[in-house]
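Notes follow the structure.
We name chains A, B, ... by the order of the sequence lines, and we start the count at 1 in each one. Quick caveat: nothing in here was measured; it's all calculated off a predicted structure.
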Number of protein chains: 4
Amino acid sequence: MDDKRQRILDAATKVLAEKGFEYATISEIAREAGMSTGLIYSYFKNKMDVQLSLILIFLQTINEMNSQRVAVLRNPFDKLYTFLHNCEDLLLKDDSSLCRVKVLHEALPHIIGLKDKGLMQKRAEILAANNYLIATIDEIMLKGQQEGVFDSTLKPTVMRQVLSGAIERIVYGLFFKRFTGEEIGYDKQDAHDALVRVIETFIKK
Amino acid sequence: MDDKRQRILDAATKVLAEKGFEYATISEIAREAGMSTGLIYSYFKNKMDVQLSLILIFLQTINEMNSQRVAVLRNPFDKLYTFLHNCEDLLLKDDSSLCRVKVLHEALPHIIGLKDKGLMQKRAEILAANNYLIATIDEIMLKGQQEGVFDSTLKPTVMRQVLSGAIERIVYGLFFKRFTGEEIGYDKQDAHDALVRVIETFIKK
Amino acid sequence: MDDKRQRILDAATKVLAEKGFEYATISEIAREAGMSTGLIYSYFKNKMDVQLSLILIFLQTINEMNSQRVAVLRNPFDKLYTFLHNCEDLLLKDDSSLCRVKVLHEALPHIIGLKDKGLMQKRAEILAANNYLIATIDEIMLKGQQEGVFDSTLKPTVMRQVLSGAIERIVYGLFFKRFTGEEIGYDKQDAHDALVRVIETFIKK
Amino acid sequence: MDDKRQRILDAATKVLAEKGFEYATISEIAREAGMSTGLIYSYFKNKMDVQLSLILIFLQTINEMNSQRVAVLRNPFDKLYTFLHNCEDLLLKDDSSLCRVKVLHEALPHIIGLKDKGLMQKRAEILAANNYLIATIDEIMLKGQQEGVFDSTLKPTVMRQVLSGAIERIVYGLFFKRFTGEEIGYDKQDAHDALVRVIETFIKK
DNA sequence: CATGAATGAGTGTTCATTCAT
DNA sequence: CATGAATGAACACTCATTCAT
């Protein structure tokens, strides 16, 4: 059943986010998913495969949303604003989404250096999806500059880093608040306002 | 010799940044430092202690620079600008500094949940140093708002997240470029320009 | 299966007696028990836990036998004689029993100074069982003195040391003979006769 | 200097008795002896050699005392009584003596199985000394029986085990009291009385 | 399909022993 | 002679992975 596969991914998302890849054990993921450790190996090649699958689905979802909602737009500012909207939709939707951001951030550097022969295909898909996501933003920025809507004094790549770094850090703060209960001094609305402000930075005055 | 301790920290910085805590082995750190595994245990309690020491020194260095150069200034904008300058000084100085940012980012979440009795003292110092760093930025932001220099429509905490997230992501890109050789589309100068622009966003118009 | 647990305990008894705690390795115990090292950790917390469990069962068995056979008797001499009989039953029954005496003797001093948090419960049970065993003999001696059956010129505690020291040394000799094949000059019957004689020493003339 | 050698042996006696061979480290012995770890290796081949030397001297001292005081006597009862007196002299003299009994007891079984080529000579000397000590008692017993002074219904070897087991256990109790401070219910005088009583057991009535 | 008992490779850590100073 | 910094072999323990049931 594909339901089992999803249960594993959901359980893994939670456990990996809370413990990190190193300290997350297969048996804990299995317990969280309500099944035996052995069954996980019917659906995934190994522990890393679980993590990769998780991330790939996540990136594919983002890219799909962007294809449907962003790619159809013409105005660069609308595109960027809709892109941000998509991110908020996905990242702040629920606890599981918050977790995915944390897992993604921890995992990406390791994925690049991945050696496991059997996972090279999935690795390639993830890097492709990640590059696609990056390219999506970079293109918005570049188009905006070419059309004179965005400021041309900054490079699109660096603008993308500023935006994605800000998003990630802000979302991580919300994750932290959610799972430790500690106060961080801002909520989702504050987060939204700040990210809109970041976008406005790029607009040509 | 304190030279040995430093050699271990340097080697660990490199190996931890490349492999991550899990996949970095003590014997590899020892090899990189040009000594036997046993000797590392003459200078540090255990593997985690090496990482903690590394991070603590890093945070203390930042805080010290800020104390000397930022705390003495009056103008909030000068303070923020100098803070950014300090970060660039420290983070972009050399390869080792780039690595430290990566190590710090990976480690911080785990440090909070650290249980090892013998490391609680160091854990406390790190969290204190991290809070001090956060407080430093937050205070600059708050003062700036109170003095009418910075825009008051955003919360200081969220402004800090935007700035630190942008810095980290941009620095990580440079780390990535340095160690994989892949092109990322921007250099240190571009990074500086972008961060200045982010700061300008906070200024009241 | 509880059979596995028992197999580990049996293997450990043999290996610990032959090599001593320090030189007995988990992998050798595992090999002797016909299983992998990892499986031992499914049944016991760690190496020390194996030793403690072994000893605890041993002491509990002795105490149980004494509760059933000794505690029900009235005559102090009968009690003491039955106590000796129980010891012989247990200690000379088989090779494994001979080994347990050796393990117990080596381990007891270290158990007192044990620090491991996870084993404090078992440590307490062992010390309690050991104290119970000691108290059993001391009480027999004291009652015997109070009833005028035993000589009152010796302290019960010191009588107990004489008896238990003699038993242990005699049993150790049999252990030695069994495992080295060297002649020691006496057999189980001689041992019995000598211990009966020791007991008779305590009788009031 | 031979003074250094003695200081090492004294320090080792204390540390080995307190911690046991496994948990006693060379560096702790060195610290206790007030010298560097390296120096110990100028006087002894290795850690085991320290222990063996300690024990050998101890056994030689006992044997020497017995040669001087016991061998010259004619009456078996006098011999046995003097033997006991020698033991008390040696074993209860000071803290260090109490420690030696504990070290000896822990070490003897391991010495038999010793493999270290470089220590075979010393191992042989210890076993010889130990056999000599055993033979001393056995001879007293045998002579006593032959002369009709001691009871002939018990074997000399088993009588020796009773006596030595009783001595050892009683001395260990005193060691325990001395180093843990816990009450054991008897003192040196009680110990003496009990051992005399054990000897009387062997007398023909 | 599902289980979880069993495996064993891999790593952190200790400490006896050596040797440059 | 004396030091103690440095070495590295050895072992407890964990946990991803397998497979008999």
Side-chain angles (χ1 to χ4, degrees), chain A residues 1 4 21-31 33-51 116 118, chain B residues 1 3-5 8 21-31 33-50 116 118, chain C residues 1 3-5 8 21-31 33-50 116 118, chain D residues 1 4 21-31 33-51 116 118:
Chain A
M1 276 166 278
K4 292 270 173 56
F21 188 78
E22 175 180 11
Y23 298 109
T25 67
I26 285 288
S27 63
E28 187 170 359
I29 293 172
R31 202 179 323 121
M35 61 182 65
S36 66
T37 63
L39 197 53
I40 290 182
Y41 288 85
S42 304
Y43 292 90
F44 299 94
K45 287 198 177 79
N46 51 36
K47 186 178 167 186
M48 181 59 84
D49 187 26
V50 177
Q51 194 187 35
D116 188 329
Chain B
M1 271 168 281
D3 154 60
K4 290 274 167 54
R5 196 184 148 87
I8 296 169
F21 189 79
E22 177 180 12
Y23 297 109
T25 66
I26 284 289
S27 60
E28 186 171 357
I29 293 172
R31 200 178 325 120
M35 59 182 67
S36 65
T37 64
L39 195 55
I40 290 182
Y41 290 87
S42 304
Y43 293 90
F44 299 94
K45 287 196 176 76
N46 50 35
K47 185 179 168 186
M48 181 58 83
D49 188 26
V50 177
D116 189 329
Chain C
M1 273 168 280
D3 154 61
K4 291 274 167 53
R5 195 184 147 88
I8 296 168
F21 189 79
E22 176 180 13
Y23 298 110
T25 65
I26 284 289
S27 62
E28 186 171 359
I29 293 173
R31 201 179 324 121
M35 60 182 66
S36 66
T37 63
L39 195 54
I40 290 182
Y41 291 88
S42 304
Y43 294 89
F44 299 94
K45 289 197 175 77
N46 50 36
K47 186 180 167 185
M48 182 57 84
D49 187 26
V50 177
D116 189 327
Chain D
M1 275 166 277
K4 292 269 172 55
F21 188 78
E22 175 179 13
Y23 300 109
T25 65
I26 284 288
S27 62
E28 187 170 358
I29 293 172
R31 201 179 323 122
M35 60 182 65
S36 66
T37 64
L39 196 53
I40 289 182
Y41 288 84
S42 305
Y43 293 90
F44 300 93
K45 287 200 176 78
N46 51 35
K47 185 180 168 186
M48 182 59 84
D49 188 25
V50 177
Q51 195 187 34
D116 189 328

- Task: Using a 4.5 Å cut-off on heavy atoms from C-beta on, say whether the side chain of B:Y41 contacts that of B:I26.
- Result: yes

- Task: Round to a whole Å and report the spacing from CD1 of B:I29 to P of E:dG12.
- Result: 8 Å

- Message: Are the side chains of A:T25 and A:T37 in contact, using a 4.5 Å heavy-atom criterion?
- Response: no

- Query: Taking only side-chain nitrogens and oxygens of A:S36, does any of them come within less than 4.0 Å of OP1 or OP2 of E:dT3?
  - Reply: yes

- Message: If a pair means Watson-Crick or G-U wobble with both distances below 3.5 Å, what does DNA chain F look like in dot-bracket form, with | marking bases paired to a different strand?
- Response: .||||||||||||||||||||

- Item | Stacked cation flag A:K47 on A:F21, 6.0 angstrom / 45 deg | yes

- Message: Distance check needed: E:dG12 C1' versus B:F44 CZ, whole Å only.
- Response: 16 Å

- Partner set under side chain to side chain contact (heavy atoms under 4.5 Å, CB included) for B:S36, not counting sequence neighbours: B:L39

- Query: Over how many whole Å does the gap from A:I40 atom CD1 to E:dG4 atom P extend?
  - Reply: 13 Å

- Summarise protein proximity over nucleotides 12-21 of chain F in one line of letters, 5' to 3': B for base, S for sugar-phosphate only, - for none, counting protein heavy atoms closer than 4.0 Å. SBB-SBB---

- Item | side chain to side chain contact (heavy atoms under 4.5 Å, CB included) between C:I8 and C:M35, intermediate numbers included | CA-CA 9 Å; C:I8 296 168; C:M35 60 182 66; 3.6 Å; yes

- Interatomic distance, CZ@B:R5 vs OG@B:S42, rounded to 0.5 Å, equals 12.0 Å

- Note on the structure: Interatomic distance, CD1@A:I40 vs CD1@A:I29, rounded to 0.5 Å, equals 6.0 Å

